[in-house]
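Read through the structure below, which is laid out as structure tokens, and then see the notes.
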Amino acid sequence: MQRTDKSVKSVRWCPLLGLAALSWVLVACAPLPVADPGLPEAAAGMSTEPRNACELAQQRGAPRSRFCAPAAGKQVEPPPRAKPVPEPARNEAARRGADSAEPQDSADEPVRESDQQGLASWYGPRFHGRRTASGEIFNRRDFTAAHRSLPFGTRVCVRSQLTGRAVVVRINDRGPFSGNRVIDVSQAAAQELGMLGLGIKPVELWLLEEGESDCFQSLSGSAP
């Protein structure tokens, strides 16, 4: 009687064991789930572990560095292109002027040969207020001079050969009549020539024509 009960129990457990074995076979043969490569990692529910410190910093929101490789699944942005610098517009008239410009000769024009050379003296306080040979009253503060033969009113450029300074005087008197002096200038003219206290000094004379009111530009420099 006991043997019969054991046989009945064995018959009852056989179907259950068969079902369990079949379930294990099905589970072992089922394919593993594969993530869709077209979906982003967030949609596929997969988390990517950082491979290095750069990816960890990028996942935490740090700005991307050009020294770090791009994080997995992120697209590398190309570097911005430099904007071309526009060429400055060149004025056509200025271009023509620059092309046709010729170097200018900056040298001063040569000075003509002086009309007379000799010694000069000056006179001032002693003759101030006296009448000159032309009938004018001598004023030591005016730029006048005495000459032996030049007509009254003649304008003469006088240049000191010592100081290189020049001044224009007007002839209104006669003289000087001693030695080899060629002109006697007023005190104001002597001061302009830098010859006050120098006594008798060598000078050059140029007769100025009509329209010439000043000495030549090259005569306004310093001593040679």
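By convention here, the first residue in the shown sequence is residue 1. Heavy-atom basis, side chains included; hydrogens, waters and symmetry copies ignored.
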Rounding to 0.5 Å, atoms CD1 (Ile171) and OG1 (Thr154) come to a distance of 6.5 Å

Between the OG atom in Ser186 and the CZ atom in Phe143, the distance rounded to the nearest 0.5 Å is 7.0 Å

*May I ask you to decide whether Arg170 forms a salt bridge with Glu136, counting only side-chain N to carboxylate O separations under 4.0 Å?*
yes

**Asked** If two hydrophobic side chains count as joined below 4.5 Å and joins carry through other members, does Leu208 share a cluster with Val156?
**Response** no

(Q) Using the rule given for side-chain contact (heavy atoms from CB on, under 4.5 Å), can you reason through Ile183 versus Val158, listing the C-alpha separation, both sets of side-chain angles and the distance that settles it, and then say yes or no? (A) CA-CA 9 Å; Ile183 195 170; Val158 183; 3.9 Å; yes

Between the CZ atom in Arg155 and the CD atom in Glu212, the distance rounded to the nearest 0.5 Å is 10.5 Å

Residue pairs meeting salt bridge (Lys or Arg N to Asp or Glu O under 4.0 Å), one or both in residues 126-135, sequence neighbours left out, come to none

Contacts of Phe127 meeting ring-ring contact (aromatic ring centres under 6.0 Å, His included) (sequence neighbours excluded), chain-then-number -> Tyr123

| Common cluster, Val168/Trp122, ILVMFWY with side-chain heavy-atom separation under 4.5 Å | no

Rounded to the nearest 0.5 angstrom, the CE-OG distance for Met195 and Ser121 is 7.0 Å

Closest non-hydrogen atoms of Arg141 and Ala188, given as atom of the first, atom of the second and distance, are O-CB, 3.4 Å

Taking every heavy atom of Ala146 against every heavy atom of Pro176, the minimum-distance pair comes out as O-CD, 4.0 Å

**Asked** Going through the distances and angles, do Arg148 and Arg174 end up as a side-chain contact (heavy atoms from CB on, under 4.5 Å)?
**Response** CA-CA 5 Å; Arg148 294 180 184 179; Arg174 291 295 178 218; 5.8 Å; no

Within a strict 4.5 Å, meaning less than it, do heavy atoms of the Asp173 and Phe138 side chains meet?
no

So the salt bridge (Lys or Arg N to Asp or Glu O under 4.0 Å) pairs with at least one residue in residues 183-203 (sequence neighbours excluded) are none

**Asked** Taking His128 for the side chain and Asn139 for the main chain, is one N or O donor matched with an acceptor at less than 3.5 Å?
**Response** no

**Asked** Does a side-chain heavy-atom distance below 4.5 Å link Val203 with Arg159?
**Response** no

- request: Mark yes or no for whether Ser114, through its side chain, and Gln117, through its backbone, hold a donor-acceptor pair below 3.5 Å.
  value: no

| Is it the case that more than 12 heavy atoms not belonging to Gln187 sit under 6.0 Å from its CD atom? | yes

Rounding to 0.5 Å, atoms CD1 (Ile137) and CG (Asp142) come to a distance of 11.5 Å

Value for CG (Leu207) from CG (Asp115), rounded to nearest 0.5 Å, stands at 4.0 Å

Is the backbone of Asn172 close enough, under 3.5 Å, to the side chain of Ser134 for a donor and an acceptor to pair up by distance?
yes

Residues Val169 and Ala145: closest non-hydrogen pair is CG2-CB, 3.7 Å

